[in-house]
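As structure tokens, the structure follows; a few thoughts come after it.
Since the structure is predicted, the reported quantities are computational estimates derived from the model, not experimental observations. Letters go in sequence order (proteins before strands), and every chain restarts at 1.
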Amino acid sequence: MTNKKLASLFSNIALYLEIDSVPFKPQAYVRAANAIESLSEGVEKIYEREGLRGLEQIPGVGKSIAEKTEEYIKTGEIQEHEKLRKKFPVDIQELTSIEGVGPKMVRDLYKHLKIKTLDDLEKAAKAGKVRKLPNFGEKTEQNILQGIDFVKRSKGRWLLGNIYPYQEDLVARLEDSPLITRAVAAGSIRRMKETIGDVDILITTSKPEKAVEYFLSLVSYEKIWGKGSTKVSLRTTEGFDIDMRVLRQEVFGAGLQYFTGSKEHNVRLRTRAANKGYKLSEYGLFRGEKRIACKTEQDVYKALGMEYIEPELREDQGEIDCALEGKLPSVIPYDSLKGDLQVQTNWTDGKDSIEAMAKEAKKQGLEYIAITDHTRDLAMTGGMDEKKLLAQMREIDKINSKSEFRNSKFKILKGAEVNIRKDGTLDITDEVLSRLDVVGIAVHSSFKMTKKDMTARIVKAMRNPNVDILFHPTGRLIHKREAYEVDMDEIIREVKKTGTILEINAFPDRLDLKDSNIKKAVEAGCKMTIDSDAHAQDHFGCLKYGIAQAKRGWAEKKDIINTLSAEKMLAMLP
DNA sequence: GCCGTTTTCGGCCCGACTGTTTTCAGTCG
């Protein structure tokens, strides 16, 4: 995981340089950091094979950053970074993670109050010292305290999308070993919760000690919390914990059920079992001394007289009663999407071209994507005005007519992610909107309106007859920003009137709508779409997190319009 | 500091919003 650490060093350098208002260099470091973080290969490997020259091939990495990378590979640190850190001995990553706090504020806070950490800042703000600084005031102090509260609450939890690929890789490598007959992730990862506290791995093996050693050889860890013959618990160098347990083959199902949770689900399940005269534990379902089910999870649920409950539903949200009555919804399966209705390209803030995104989507088995770049008001992304949008539409026609796409089922649809202004109007004219296949709308600014005003703003935008989809309806960014205040019931009522489609945005830090809102939408009979919000080719993989979210919201295939063919999907749009 | 040529230095996404000003700096997207 050198890439990640190195990337974080470079982003730190960028922040330190911004303190000094150094022009342009910070962006260069940020670009390099992003490029390094998204590499599929370790920088050491590249360096080993191709030396400095290989490093310079990474986009955004030139001579100087390549040399710093070399220095880091050889010595584990970068002098430039040490120098800057001595000048401003502050936890700049942590402090700037507070919404509204940037490098300049960090500078002033350190200069006047010697604030170095989140805790320092919290104390100072609570003591009313922050408001007295030049250019700070009471409101800023309040915002800082709120921001700290938010950061603190999300500490120690990780985004599903950041951990899932790690877990997938680890499980695959465990299963590759002849020592191990079965390996599977349990816990909140298996339930696909939007954030994960730690990773639970279950294995079966005939040689527990050897398997534990093998597991330790695969994982790079900072600390072992505990180690026995059937369990090991550690902190990875990435900073999260893994619990690995060896289960006995014959009780694997019961163990998997137990360690998948959730705790609340299990408590209720055990109560049901007890009422029927059974006892349920991680070692099986018992009647008296007799073990009656334990091999598979299916056995356990069946023996309790209920339908099998998928892991994503096990949150004690009424799933057990439904399962007993045989009334569980058949939630949407993982392979059921035919299209993706939110895709950004290098026409705005995406990384790849329209054609590259289309090719990748096709490769992933999709039948269509809608290109939905940002519009005018999002100047920072190169947001498109009417003229640029029309040019892009012509470009899409051109690509669609290329033989590769023309002769296949695949189609690129024309769309946009249109900005909803503060007053509920849109930043593209109706005339141009009416020519698009898919019009998505979204809020990107003025997040701190009252609930009433924000709801009215969105409702007004949805009433535009050209509008098809409300993108990331609540605007939250997990661990970064709270959802804005909005009356979801009112939005749903309006959706029923206008036929607007609600989005389940699958990007790991959005997952917006969240599960409880999806459930509301399903109950009201709203239609939804699951979109990746891809900004690069490898982001299509995020769709599975959106599907997981839909499952957690009890959505069925029929509730999700992009399970349909392009033609049928388009017919569903208002 | 990187990039891309105009081959060796100039350009680098920029507008809205906020809270603090009293004309703007900082932050965000």
### Pair E494(A) + R463(A), salt bridge at N-O below 4.0 Å
yes
Categorize [X] for me: base, sugar-phosphate, or nothing, with a 4.0 angstrom heavy-atom threshold over every strand shown.
{"X": "R481(A)", "answer": "sugar-phosphate"}
{"X": "D377(A)", "answer": "nothing"}
{"X": "K480(A)", "answer": "nothing"}
{"X": "K448(A)", "answer": "nothing"}

### Watson-Crick/G-U partner (both atom distances under 3.5 Å) of dA16(B)
dT27(B)
### Task
By nearest nucleotide on DNA chain B, pick out whichever of V61(A) and L477(A) is the more 5' one.
V61(A)
### Task
For I58(A) and for S446(A), locate the closest nucleotide of DNA chain B by heavy-atom distance; then report the residue assigned to the nucleotide nearer the 5' terminus.
I58(A)
### Query
Do any of residues 116-140 of chain A sit with a heavy atom less than 4.0 Å from DNA chain B, and if so which?
N135(A), F136(A), G137(A), E138(A), K139(A), T140(A)
#### Entry: Contact residues, residues 13-27 of chain A to DNA chain B [heavy atom, < 4.0 Å]
F24(A), K25(A)
### Query
What are the 5'-most and 3'-most nucleotides of DNA chain B lying under 4.0 Å from any heavy atom of chain A?
dG1(B) to dG29(B)
Can you check the distance between [N] and [M], where both ends of the measurement are the [atom1] atom (answer in whole Å)?
{"N": "dG1(B)", "M": "dT5(B)", "atom1": "P", "value": "23 Å"}
{"N": "dC13(B)", "M": "dG19(B)", "atom1": "C1'", "value": "25 Å"}
{"N": "dC2(B)", "M": "dT7(B)", "atom1": "C1'", "value": "16 Å"}
{"N": "dC9(B)", "M": "dA16(B)", "atom1": "P", "value": "37 Å"}
{"N": "dT23(B)", "M": "dT18(B)", "atom1": "C1'", "value": "15 Å"}
{"N": "dG11(B)", "M": "dT6(B)", "atom1": "P", "value": "14 Å"}
{"N": "dG26(B)", "M": "dT22(B)", "atom1": "P", "value": "15 Å"}

Once ring pair (Phe, Tyr, Trp, His ring centres under 6.0 Å) is applied, do any residues pair with [X], and if so which ones, sequence neighbours excluded?
{"X": "F471(A)", "result": "none"}
{"X": "Y545(A)", "result": "Y164(A)"}
{"X": "W347(A)", "result": "none"}
{"X": "Y47(A)", "result": "none"}

### All salt bridge (Lys or Arg N to Asp or Glu O under 4.0 Å) counterparts of K452(A), not counting sequence neighbours
none
### Task
Tell me, please, which residues at least two apart from D430(A) pass salt bridge (Lys or Arg N to Asp or Glu O under 4.0 Å).
none
### Task
Sorted by first residue and then second, give each side-chain hydrogen bond (donor to acceptor under 3.5 Å, both in side chains) pair with at least one member in residues 97-114 of chain A; sequence neighbours left out.
S21(A)-K104(A)
### Message
My understanding is that only residues two or more places apart in sequence, or in another chain, count here; which of them pass side-chain hydrogen bond (donor to acceptor under 3.5 Å, both in side chains) with K497(A)?
### Response
none
### Query
Under the side-chain hydrogen bond (donor to acceptor under 3.5 Å, both in side chains) test, which residues partner K422(A), sequence neighbours left out?
none
### Message
Just by distance, no angles: are the side chains of T117(A) and D119(A) close enough, under 3.5 Å, to form a donor-acceptor pair?
### Response
no
### Query
Taking atom types as modelled, is there a side-chain donor on K520(A) or S516(A) under 3.5 Å from an acceptor on the other?
no
